[in-house]
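Only heavy atoms go into these numbers, but all of them, side chains included; no hydrogens, no water, no symmetry mates.
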Amino acid sequence: MKKEPSFWPWILAVALLAAGLVAGAGFLFSRRVETFSEPPPGNRVDQAFRDLVRRVNEMEALWVEALRQEATRQVEGRFRDPLPSTFGVEQVSWLNPAVNDQARSHRRADGRQPALRPVLERFAKGEAGEWVFTEAEALKGNGRVDQPGKPPAWVHGNGRTAVVLLLDSTEAAAVVEADLAKRAKNFLPPDEPGFLEWSSPAKHVFLTSGEAHAEGRPDEILRHVSIFGDWTLRRHYPTRTVTTYHMPTLAGTSALASLLLGGGITLAVRQRRAWLAASQRVSFINRVSHELRTPLTNLLLNTDLALDAAPADNERLRRRLGLIREETSRLARIVDNVLTFARIERGRMAAQTAPCDVARLARELLENFAPLFDRKGISCRLACEVPESLALDPDALSQILSNLLSNIEKYAGENAAAQVSATSDGSRLTLDVSDDGPGIPTGARQRIFLPFERAENGVAAGASGTGLGLAISRDLARHMGGELELLPSEKGAAFRLVVPCAERSRS
């Protein structure tokens, strides 16, 4: 029996793969991963924020006192042009109603030309950079001044002279920031879950704690507004990841995967059972054909003996014995085809090379078909121009030619003319078999070499046969290393067999 085909495991594999893909897709699509932020218990962060605010306020009070003392010192200096000595003071300007020389009344800590020039109202000229003060607010002022569009300033006057300190909050905030960084442990709760981030008025992050920086918007923002600017605490709570599944989607895809898997298993099982059943039928037909071969051989032998012994003048007896021999030969050809088909299906077909007299083989076959051809008025001409002995498979060649002649007898029709011609170039044998019958319909030309396929035409109606002849003949030709093909023809059917061969000398 032919080796069991491997495509039923492929059916099962494809079903498993499809079921796995559907189940996997359902698992992925039904899966929902959500991340939640949860504030930790306690108020350690709030306390740390209050501690920072307290320290900023302390530093703010120290700066205010330092500015007051600096302004007083500058006023008492009475135009000695001292440079500012307090951090956060960018420029010192003196205002005096008795002095109108504004060029000497300003000094910057870095020595550069002042960008803003505070002046008393009586000396204002409307020039760019002038910051106008009234005598009342300048000479009697004492404290911080914040005007829209102007930097923060500190004004201090004694009734006769005033000093204006232009302030740089950024520089002052940097000093405060450095102080806070030194006291980091006071503003970073130990082992606090989540992530904390302190930033200065300059947007500079100077303290962090906790896990790696979290993306997205902070869960909590605490801000303290001071004269230095805004101090900000951004807080990200610790996160918790929750995985859930959409049960309707998961159930639906699981059911579909089960159906695919069950269907694949059912199909694979049915396919394998069908193959086993077909193998059993082929095996049965093979055994039956073997059993028929021996009695058919005996029938042919005894019919030949009976024909030889029959009286020459008893035409009726000889005609009936001839008919028996013809039908027995036809049955024998059918059995041979079935046995050959079974061997091909089992993969046990192999060419058996031996010396072959092609011309003699063709003549013997034509003699065997002569009674059948004569009954239908078919004439067949043989043209064989090949050496007497060629190395090829004589049994396969005989079966191929026998099938082609049998097709002529079945399908060529009454009074048809046929021809068998053979040529050889020393390495290939070319055998052409043609007739002038109705031919093969165009729609059937691609199917006639398939097992159990028969071309339907008017002459073929009612013709006996299994539909295996041409399929077996092409398989035999290919096992011999050649090819059998249907040639284009205007009338009738023409077949060409080309097989490799080697010329051999006769001993």
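- The shortest distance between side-chain heavy atoms of R234 and E220 does not fall below 4.5 Å.
- Around CG of D191, the count of heavy atoms belonging to other residues, nucleotides or ligands within 6.0 Å does not exceed 12.
- No donor-acceptor distance shorter than 3.5 angstrom exists from the side chain of W198 to the backbone of A181, with no hydrogens or angles considered.
- Contact annotation: the side chain of V145 never approaches that of V164 to less than 4.5 Å [non-hydrogen atoms, C-beta and beyond].
- Residues E70 and W154 bring no donor and acceptor atom of their side chains to less than 3.5 Å of each other.
- Residue-environment remark: CD (E121) stays at or below the threshold of 12 foreign heavy atoms within 6.0 Å.
- Counting heavy atoms from C-beta outward, L52 and L233 have side chains that stay 4.5 Å or more apart.
- By the 30° and 60° cut-offs, the orientation of the rings of Y245 relative to F27 is tilted.
- The CG atom of N142 lies 8.0 Å from the CZ atom of R68; values are rounded to the nearest 0.5 Å.
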Show, in sequence, the C-alpha distance, side-chain angles and deciding distance for R273 and V269, and conclude whether the side chain to side chain contact (heavy atoms under 4.5 Å, CB included) test is met. CA-CA 6 Å; R273 287 178 179 173; V269 169; 3.5 Å; yes
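- Partners of D432 under the side-chain contact (heavy atoms from CB on, under 4.5 Å) rule, at least two apart in sequence or in another chain, are S421, T430, L487, R496.
- For the pair V56 and L180, the minimum side-chain heavy-atom distance is below 4.5 Å.
- Residue-environment remark: CZ (R270) stays at or below the threshold of 12 foreign heavy atoms within 6.0 Å.
- Judged purely by atom type and a 3.5 angstrom limit, R160 has no side-chain atom pairing as donor or acceptor with the backbone of G157.
- With a 4.5 Å cut-off on side-chain heavy atoms, L404 and I400 count as touching.
- Judged by distance alone, the side chains of Q91 and S93 do bring a donor and an acceptor atom under 3.5 Å apart.
- Remark: the R44 side chain and the Q47 side chain contain no N/O donor-acceptor pair separated by less than 3.5 Å.
- Between the side chains of Q399 and N403, no donor-acceptor pair is found at a separation under 3.5 Å.
- Aromatic ring orientation, W231 versus F228: perpendicular (interplanar angle above 60°, classes split at 30° and 60°).
- Note: Y237 and F36 fail the aromatic proximity criterion, with ring centroids not under 6.0 Å apart.
- Remark: the D219 side chain and the H236 side chain contain no N/O donor-acceptor pair separated by less than 3.5 Å.
- With a 6.0 Å radius and a threshold of 12 heavy atoms from other residues, nucleotides or ligands, E490 has its CD atom at or below the threshold.
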